Amino acid sequence: MTIKDEIIKTIEIMVNKEIKKIKADKTYPSVITSVEKGKYVISLNGSNYAVKCAIPNVELKVGQQVWVTVPCGDLKGMFICGVR
């Protein structure tokens with residue numbers, strides 16, 4: 001590997017670390033695993049979360065694929081924003 005390749009690889013690692021720290025809305029694909037107390041349980045990055053659905057007049061079912069938004073990195077504010 002050349003010095004040029006090493007420098008580019010190092011810069012890429014540094015940029016990727018900083019991107020992970022950005023507090024912006026992020027949307028992820030997920031699947032509904034169950035319904036509990038009016039909330040939908042979804043799995044995201046190996047953890048389960050009970051979230052509300054922000055789509056008006058839509059009833060979701062277990063096994064349905066959805067899009068989940070995490071506003072500004074706040075997992076407590078997570079919500080279902082769309083059906084896949």
Side-chain angles (χ1 to χ4, degrees):
M1 190 176 277
T2 67
I3 292 178
K4 175 183 161 188
D5 292 335
E6 287 289 334
I7 292 171
I8 291 172
K9 187 174 181 176
T10 302
I11 292 170
E12 183 180 16
I13 291 169
M14 292 169 53
V15 168
N16 286 336
K17 279 185 178 182
E18 291 304 312
I19 286 174
K20 289 180 182 179
K21 295 178 187 177
I22 294 174
K23 298 291 184 188
D25 291 359
K26 295 182 183 175
T27 302
Y28 302 94
S30 189
V31 176
I32 296 174
T33 58
S34 65
V35 180
E36 298 176 3
K37 300 178 184 176
K39 291 188 175 183
Y40 299 96
V41 178
I42 56 100
S43 179
L44 183 63
N45 298 327
S47 297
N48 292 329
Y49 299 94
V51 299
K52 291 186 177 182
C53 179
I55 310 167
N57 303 317
V58 172
E59 188 172 324
L60 304 171
K61 300 175 185 170
V62 174
Q64 193 162 11
Q65 296 182 355
V66 294
W67 290 105
V68 180
T69 295
V70 179
C72 296
D74 177 19
L75 292 174
K76 292 180 182 179
M78 186 180 343
F79 61 91
I80 295 170
C81 64
V83 177
R84 293 178 44 201

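Along the sequence shown, the residues carry numbers beginning at 1. All values reported here derive from a predicted model rather than from experimental measurement. What you see below is based on every heavy atom in this structure, not just the backbone, and it leaves out hydrogens, waters and symmetry mates.
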- Query: Would a 4.5 Å heavy-atom cut-off, applied to side chains only, mark Ser30 and Gln65 as touching?
  - Reply: no
- Item | side chain to side chain donor-acceptor pair (under 3.5 Å) involving Thr10 - partner list, sequence neighbours excluded | none
- Note on the structure: In short, salt bridge (charged side-chain N to carboxylate O under 4.0 Å, His left out) pairs touching residues 6-24 with sequence neighbours left out are Glu18-Lys21
- Quick one: hydrophobic cluster around Val41, which other residues, with the 4.5 Å side-chain cut-off, linked directly or via members? none
- Carefully, step by step, assess Ile80 and Tyr40 under the rule side-chain contact (heavy atoms from CB on, under 4.5 Å). CA-CA 9 Å; Ile80 295 170; Tyr40 299 96; 3.8 Å; yes
- Minimum-distance pair of heavy atoms, taken over all atoms of Met78 and Leu44: SD-CD2, 3.9 Å
- Sorted by first residue and then second, give each side chain to side chain donor-acceptor pair (under 3.5 Å) pair with at least one member in residues 43-59; sequence neighbours left out. none
- Message: What's the separation between atom NZ in Lys39 and atom SG in Cys53, rounded to the nearest 0.5 Å?
- Response: 13.0 Å
- Got a sec, which hydrophobics cluster with Ile13, joining ILVMFWY side chains under 4.5 Å apart, including via others? none
- Linking directly or through intermediates, with side-chain heavy atoms under 4.5 Å: list the remaining ILVMFWY members grouped with Phe79, chain and number order. none
- Note on the structure: Residues passing the side chain to side chain donor-acceptor pair (under 3.5 Å) test with Thr69, sequence neighbours excluded, are Thr27
- Item | Lys4: salt bridge (charged side-chain N to carboxylate O under 4.0 Å, His left out) partners, not counting sequence neighbours | none
- OG1 (Thr2) and CD1 (Ile7) are apart, to the nearest 0.5 Å, by 8.5 Å
- Item | side chain to side chain donor-acceptor pair (under 3.5 Å) against Thr33, all qualifying residues, sequence neighbours excluded | none
- Query: What residues join Ile8 in its hydrophobic cluster, counting side-chain heavy atom gaps under 4.5 Å, either direct or through other members?
  - Reply: none
- Note on the structure: Sorted by chain and number, sequence neighbours left out, side-chain contact (heavy atoms from CB on, under 4.5 Å) with Val58 holds for Ile55, Leu60
